[in-house]
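Heavy-atom basis, side chains included; hydrogens, waters and symmetry copies ignored.
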Amino acid sequence: MKKVEVYGQLSLFDLNINEIKTNDKISKNPILSLKVNEAKKEENRLINRQEIINKYKSISNLNRIIAYCGGGFGIESLEENAYKTIYVNRYGEEEFAVKNKCPVLPMDRIILTNCAANYNKIQSQKLIKYKKNFKKVIKRKGDENIILEKDGQAVSINSKGWLLEFQSNTAYEEDEILEVICKKETNNSTKVFKTGDKVIVNFDDLECNGIVRSKHSIYDAYSIDFEKQELMCNTTFHISQIR
């Protein structure tokens with residue numbers, strides 16, 4: 001077979017396989033080195049809550065220190081009548097700051113507070129309306145929210161009167177239990193509605209006749225067709241709003 005050589009062509013024998021080539025641009029690329037940095041962080045020691053408290057408790061106008069359920073911390077301060085929250089990761093590194101108060105979830109824990117957070121009239125009205133369907137009413141120190149809890153489910157009533165539902169236990173101390181509710185067997189929370197059941201629902205403080213269409217797959221809630229001021233409507237209602 002005749003050997004044919006083409007100008008510029010290399011054979012395997014022309015390559016120096018013992019020489020390792022590196023691309024400085026790639027090796028210095030911060031995006032490509034993220035995994036290396038993450039591996040180094042894993043070797044770092046996690047910071048504990050007491051160390052966070054000791055580090056930040058003396059900062060000017062400190063409002064709260066929050067231990068987030070994900071492992072980080074929020075350092076909240078009040079500066080010139082405006083809130084500021086610094087996010088500190090689990091290694092004690094400050095990552096970013098937000099010019100506002102950050103939401104506190106039932107799973108989070110307020111580990112230091114310099115503020116007295118009371119609930120307002122709207123929250124009080126919602127509490128009276130819904131607490132009968134839960135086992136505990138929780139009011140945590142430094143938390144504006146009221147938390148209703150039962151069987152791994154938490155409903156947080158925020159300052160706007162919104163009900164936010166979580167499938168999780170609440171982080172709280174025993175002295176933060178505002179009320180323990182004794183439930184009756186006939187309580188709505190033990191009742192199951194079926195598709196087609198005729199019910200009465202509370203909507204905008206009005207009692208409306210409705211029909212059950214379906215049950216929510218996770219929460220204690222139902223899709224209801226109901227009549228309001230001679231108009232047919234549909235929305236999802238928590239079981240506490242249905243009878």
Side-chain angles (χ1 to χ4, degrees), residues 26-119 134-160 162-178 218-219:
I26 293 177
S27 62
K28 294 178 181 179
N29 189 319
I31 302 299
L32 297 177
S33 61
L34 276 177
K35 289 187 178 180
V36 176
N37 292 335
E38 288 176 359
K40 289 180 179 178
K41 277 189 176 182
E42 289 299 327
E43 297 175 0
N44 293 344
R45 185 179 65 84
L46 301 179
I47 193 166
N48 62 48
R49 293 177 180 178
Q50 191 57 53
E51 289 174 311
I52 285 288
I53 292 173
N54 293 340
K55 182 177 180 179
Y56 291 99
K57 66 182 180 181
S58 300
I59 69 170
S60 177
N61 301 318
L62 177 68
N63 195 50
R64 300 184 296 184
I65 299 180
I66 303 155
Y68 297 120
C69 58
F73 299 88
I75 314 301
E76 185 182 277
S77 60
L78 183 61
E79 301 176 5
E80 298 179 354
N81 296 321
Y83 286 103
K84 175 184 176 183
T85 303
I86 300 171
Y87 178 78
V88 180
N89 66 26
R90 64 181 65 191
Y91 305 103
E93 302 166 342
E94 295 183 6
E95 292 196 354
F96 59 86
V98 178
K99 292 183 178 179
N100 206 338
K101 297 176 78 171
C102 288
V104 180
L105 305 181
M107 302 82 75
D108 301 331
R109 189 182 290 274
I110 299 170
I111 57 176
L112 183 65
T113 179
N114 292 325
C115 68
N118 297 316
Y119 54 86
F134 293 85
K135 293 182 177 180
K136 292 178 184 176
V137 179
I138 300 165
K139 181 65 182 69
R140 302 185 296 183
K141 303 177 188 71
D143 189 1
E144 300 97 335
N145 305 313
I146 302 173
I147 300 171
L148 306 174
E149 188 185 61
K150 66 169 183 180
D151 304 327
Q153 178 188 24
V155 172
S156 180
I157 307 175
N158 68 15
S159 58
K160 295 181 179 179
W162 298 351
L163 275 68
L164 309 175
E165 192 168 351
F166 301 87
Q167 293 298 314
S168 176
N169 291 318
T170 304
Y172 64 91
E173 304 295 337
E174 286 299 314
D175 62 353
E176 294 176 326
I177 299 175
L178 197 63
I218 299 176
Y219 305 122

Kindly compute the distance separating [atom1] ([X]) from [atom2] ([Y]), expressed to the nearest 0.5 Å.
{"X": "Lys101", "Y": "Cys115", "atom1": "NZ", "atom2": "SG", "answer": "6.0 Å"}
{"X": "Leu178", "Y": "Ile138", "atom1": "CG", "atom2": "CD1", "answer": "9.5 Å"}
{"X": "Leu112", "Y": "Gln50", "atom1": "CG", "atom2": "CD", "answer": "9.5 Å"}
{"X": "Ile65", "Y": "Ile53", "atom1": "CD1", "atom2": "CD1", "answer": "6.0 Å"}
{"X": "Leu62", "Y": "Lys57", "atom1": "CG", "atom2": "NZ", "answer": "11.0 Å"}
{"X": "Ile52", "Y": "Ile66", "atom1": "CD1", "atom2": "CD1", "answer": "12.5 Å"}

State plainly whether the residues [X] and [Y] are in salt-bridge range, i.e. N to O under 4.0 Å.
{"X": "Glu173", "Y": "Arg109", "value": "yes"}
{"X": "Glu51", "Y": "Arg45", "value": "yes"}
{"X": "Arg64", "Y": "Glu144", "value": "yes"}

Closest non-hydrogen atom pair between [X] and [Y], with its separation:
{"X": "Gly92", "Y": "Ile47", "result": "N-CG2, 3.6 Å"}
{"X": "Val88", "Y": "Glu94", "result": "CG2-CG, 4.0 Å"}
{"X": "Gly142", "Y": "Ala117", "result": "C-CB, 3.8 Å"}
{"X": "Ile147", "Y": "Ala154", "result": "CG2-CB, 4.2 Å"}
{"X": "Tyr68", "Y": "Phe73", "result": "CE1-C, 3.5 Å"}
{"X": "Asn100", "Y": "Thr85", "result": "O-OG1, 2.7 Å"}

Under a 4.5 Å cut-off applied to non-hydrogen side-chain atoms, are [X] and [Y] in contact?
{"X": "Ile157", "Y": "Trp162", "answer": "no"}
{"X": "Leu105", "Y": "Leu164", "answer": "no"}
{"X": "Ile110", "Y": "Lys141", "answer": "no"}
{"X": "Leu148", "Y": "Val137", "answer": "yes"}

Would you say NZ of Lys84 has more than 12 non-hydrogen atoms from neighbouring residues, nucleotides or ligands within 6.0 angstrom?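 Count not over threshold, so no.
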Is the OH atom of Tyr119 crowded by more than 12 outside heavy atoms at less than 6.0 Å?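 Not more than 12 within 6.0 Å, no.
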Tell me which one of Glu149, Arg140, Lys136, Gln153 satisfies side-chain hydrogen bond (donor to acceptor under 3.5 Å, both in side chains) with Thr170.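 Of the listed options, the one satisfying the test is Glu149.
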Between Asn114 (side chain only) and Asn63 (backbone N and O only), is there a donor and an acceptor less than 3.5 Å apart?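 Side chain of Asn114 to backbone of Asn63: no pair is present.
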